[in-house]
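In listed order, ligands and their atoms are each counted from 1. Remember, predicted model here, so these are calculated numbers, not experimental data.
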Amino acid sequence: MTYGMLLGEGERLLQGAGIAEAGLDAWYLFSHCFSMDRGAYFLHRGETLSEGETEAKEGFLRLVDRRRKRIPLQQILGSQEFMGLSFFVNEHVLIPRQDTETLVETVLSSERRRQPTRLLDLCTGSGCIGLSLAVYLPGEWHTWDGIPREQSREEKSEAGRARMEIILSDVSEKALLVAEENIGRLGLERLCTITQSDLFEAFEEQQFDCIVSNPPYIAEGEIEKLSPEVRDHEPGMALNGGKDGLTFYRAISEEAMKYLVPGGRLYLEIGWDQGRSVPRLLQTAGFVSIEVVKDLTGNDRVVKAARPE
Ligand code: GLN
């Protein structure tokens, strides 16, 4: 059997299971098992697998089988790219989504001149939001034309160390183990800490310049309609926002004010249909400067608000 035939077999198996991106998924699993990039594959695809590669072949078919069971590709490979960084993921955290980059970018563009000293990432999951902020926020992270500056991660951490602290919190201990792993992988131990907390419970008497969150916001009844990858393999507790999807926004609106310094900012990811309801909750709770930001596809995706000065 040649490499080409094996990859083709993987693709057919995935197609048979109704996987939409069968070719692409098969390729990622193949390149993972054979440590091959595109160039090497095209050069060698007509060659027969060697004796020594039986294990890699069996490994590949085992991964294809897992993917056929609708386990998300990122959980099989153990990583997802987000904001140009690689994050470890497993079944205990939501896989970082591109939508959420809108939240991070909104915080970056609004906060980089303010130099916040204490930031809280509530419901952090993999830690992708807080950790991206820890990488990009310290120092002047953009040149005038918006292109990230060449600056080593160590330099950035060093620059931010003196004045910034990012706290990643989650109610799930298993999620926090993932966040902790990501802190280590990105070398952000000096900027970031983790705290287990059911929303603000563990933060009595504390205040932050900035609170960021992508809480669970899918209405209970909608969860059944999600793809099997999300519905059956991503943590329900990271998705389920209660009967109307607003449970966490209600709690955050009611409580966040006292955990923000005067003038402190709150940034929330929201579902595409929550661009009216969430601002209303925040307004009722006394927040000011409320703005809704759209994502790249034109859907409402982020709400920013502030505690009055
Ligand atoms: N955007 C995610 C999804 O559509 C949900 C994220 C969340 O509930 N915080 O699956």
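Residue contact check: Leu94 has heavy atoms under 4.0 Å from atoms 6 (C) of ligand 1. Listed by atom number, the atoms of ligand 1 under 4.0 Å from Leu239 heavy atoms are 5 (C), 8 (O), 10 (O). Which parts of ligand 1 touch Ala238 is read off a 4.0 Å heavy-atom cut-off, strictly below it: atoms 7 (C), 8 (O), 9 (N). Heavy-atom contacts of Asn214 reach the following atoms of ligand 1: 7 (C), 9 (N) (cutoff under 4.0 Å). Below 4.0 Å from some heavy atom of Pro215 lie the following atoms of ligand 1, by number and element: 7 (C), 8 (O), 9 (N). Every atom of ligand 1 is numbered from 1 in the order shown, and the set under 4.0 Å from a heavy atom of Pro216 is 8 (O), 9 (N).
Classified by interplanar angle (parallel below 30°, tilted 30° to 60°, perpendicular above 60°), the ring pair Phe30/Tyr41 is perpendicular.
The environment of CD in Glu91 is crowded: more than 12 heavy-atom neighbours from other residues, nucleotides or ligands sit within 6.0 Å. Within 6.0 Å of CZ in Arg38 there are more than 12 heavy atoms belonging to other residues, nucleotides or ligands. Heavy-atom contacts from other residues, nucleotides or ligands closer than 6.0 Å to CG of Leu24 number more than 12.
Heavy-atom proximity to atom 4 (O) of ligand 1, evaluated over Ile270, Asn240, Ile218, is greatest for Ile218.
In this structure, the protein non-hydrogen atom closest to atom 2 (C) of ligand 1 is Arg97 NE, 3.4 Å. At the shortest separation from atom 1 (N) of ligand 1 among protein heavy atoms lies Tyr217 OH, 2.9 Å.
The same ILVMFWY cluster, assembled from side-chain heavy atoms under 4.5 Å apart, contains both Val292 and Leu268.
Residue Leu168 comes nearest to Ala179 through the heavy atom pair CD1-CB, 4.3 Å, listed as atom of the first residue, atom of the second, then distance.
Annotation: Phe200 is in aromatic contact with Tyr259 [ring centroid separation under 6.0 Å].
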